[in-house]
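Here the structure is laid out as C-alpha cells; the discussion comes afterwards.
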2 protein chains.
Amino acid sequence: MVQFVHPATKDITLAGVLSALADPARLQMVKAMIGQHDCMSCAAAAPCTMAKSTVSNHFRILREAGVVQTTKRGVEHRNVVREADIDARFPGLLKLILTHAEAG
Amino acid sequence: MVQFVHPATKDITLAGVLSALADPARLQMVKAMIGQHDCMSCAAAAPCTMAKSTVSNHFRILREAGVVQTTKRGVEHRNVVREADIDARFPGLLKLILTHAEAG
DNA sequence: TTCAATAGTCCCATACTTCCGAACTATTGA
DNA sequence: TCAATAGTTCGGAAGTATGGGACTATTGAA
C-alpha cells in the first residue's frame, strides 16, 4: 500500500528552499536522491555518521520546504525530489545549485 | 580615509552563500544593496524594525560568507555586494536567486 | 581642544535550533 | 505472535540568533 506521509505540502518558498539546501548534509542528500528516482532516506541518502533521529529531522525539513515528497511503502519511506514542482516555482534554481554542488 | 573592514575574506562557498541568503532579512538587504552601488548598511539596507546589533551581526555573516565587502568611510560603513566574485565562483547563482526574490 | 552626535561593534542574557540517544510506532516476514 | 527493520517523537545538551546596553571611532561644531 502506497500513501503520502504529508499529503498537504505547504507552498514552496525561496527562503524555504535556500535554507533547506544551505545545510551541507541536506544538500548532499538531495544530490544523492536526484540521481536515483526513488530512494530510501536513511540507507541511501544520508551519510552513515548521522544519527537516525537527525536524518529523520533533515527529511522533515526537506519535506516542509517542499523539496522532497515522501511516500510510505511498507516498512520504508521513499523520498523523491520534487524537481518539477520546484522548477515550476523557481525555474533553473535547483539545477543551478546542484551543478555548483557538484563542483564542490 | 578608505579602508577595508575585513581585508582577508575567506573563500566563497556554496553553503556559505546559500545560508547567507536563506535568511529573509539578509536576502532583503542584498536586494536593497544590489540596486545602488554603495550603501550604508543600517539606514539603507536593513528593515528599521531590527536592532542595530542584529543588523551588524547580519552584515558580519554576509561578509564572512563573502557576499558583501565593507569599506569604512568616515563614520559610516559602506557595503557592496561582491557580484563579480560570486559570479566567478558560482556563475548565474546570485542573479537567479535575486530574480526569484523579486517575484516571491 | 573638547564635546555631542552618529555609525557600528562587542558583550551578555535570553530564546530558539540542532543534534543525539532512547523510547515509541508501524509494517513485514518468519 | 514475535523479532527485525525503518522512521518518528521526546527530552536534554550544545550551539546559534536576537536585542539591549556599553563601548569605539570618526566627524563637525563650539
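Numbers restart at 1 for each chain; the letters A, B, ... are given by sequence-line order, proteins then strands. Quick note: numbers below take in every heavy atom, side chains included, and nothing from hydrogens, waters or symmetry partners.
Atom pair B/E76:CD and C/dT9:P shows a separation of 12 Å (rounding to whole Å applied). Across the protein-nucleic acid pair, B/F59 atom CZ and D/dG19 atom P stand 15 Å apart, rounded to whole Å. Regarding B/N57, its CG atom lies at a distance of 10 Å from the P atom of D/dG19, rounded to whole Å. If you measure from atom CZ of A/R78 to atom C1' of D/dT5, you get 14 Å, rounded to the nearest angstrom. Atom CZ of A/R60 is separated from atom P of C/dC20 by 15 Å (rounded to the nearest Å). The distance from atom CG of A/D23 to atom C1' of C/dT17 is 12 Å, rounded to the nearest whole Å. A/K72 places its NZ atom 12 Å from the C1' atom of C/dT28, with the value rounded to the nearest Å. Put simply, CZ on A/R63 is 8 Å from P on D/dT9, counting in whole angstrom units.
The distance from the CG atom of A/D87 to the NZ atom of A/K95 is 9.0 Å, given to the nearest 0.5 Å. Distance CZ/B/R26 to CZ/B/F59: 11.0 Å, rounded to 0.5 Å. Here the straight-line distance linking atom CE of B/M33 with atom CD of B/Q28 works out to 10.5 Å at 0.5 Å rounding.
With sequence neighbours left out, B/D85 forms a salt bridge (charged side-chain N to carboxylate O under 4.0 Å, His left out) with B/R82.
The shortest side-chain heavy-atom distance between A/L27 and B/L14 falls under the 4.5 Å cut-off. Residues B/H58 and B/V55 are not in side-chain contact: their nearest non-hydrogen atoms beyond the backbone lie 4.5 Å or more apart. B/I97 places none of its side-chain heavy atoms less than 4.5 Å from the side chain of B/V30.
Toward the 5′ end of DNA chain C lies the nearest nucleotide of B/S56, the other residue of the pair B/S56 and A/R26 mapping further downstream.
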All N/O pairs under 3.5 Å across the protein-nucleotides 20-24 of chain D interface:
| from | atom 1 | to | atom 2 | distance (Å) |
| --- | --- | --- | --- | --- |
| D/dG20 | N7 | B/S53 | OG | 3.1 |
| D/dG20 | O6 | B/S53 | OG | 3.1 |

Per-nucleotide pairing state of DNA chain C [Watson-Crick or G-U, under 3.5 Å; [ ] pseudoknot-crossing; | other strand]: ||||||||||||||||||||||||||||||

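Considering only the side chain of B/H77, C/dT9 comes nearest among D/dT8, D/dA25, C/dT9.
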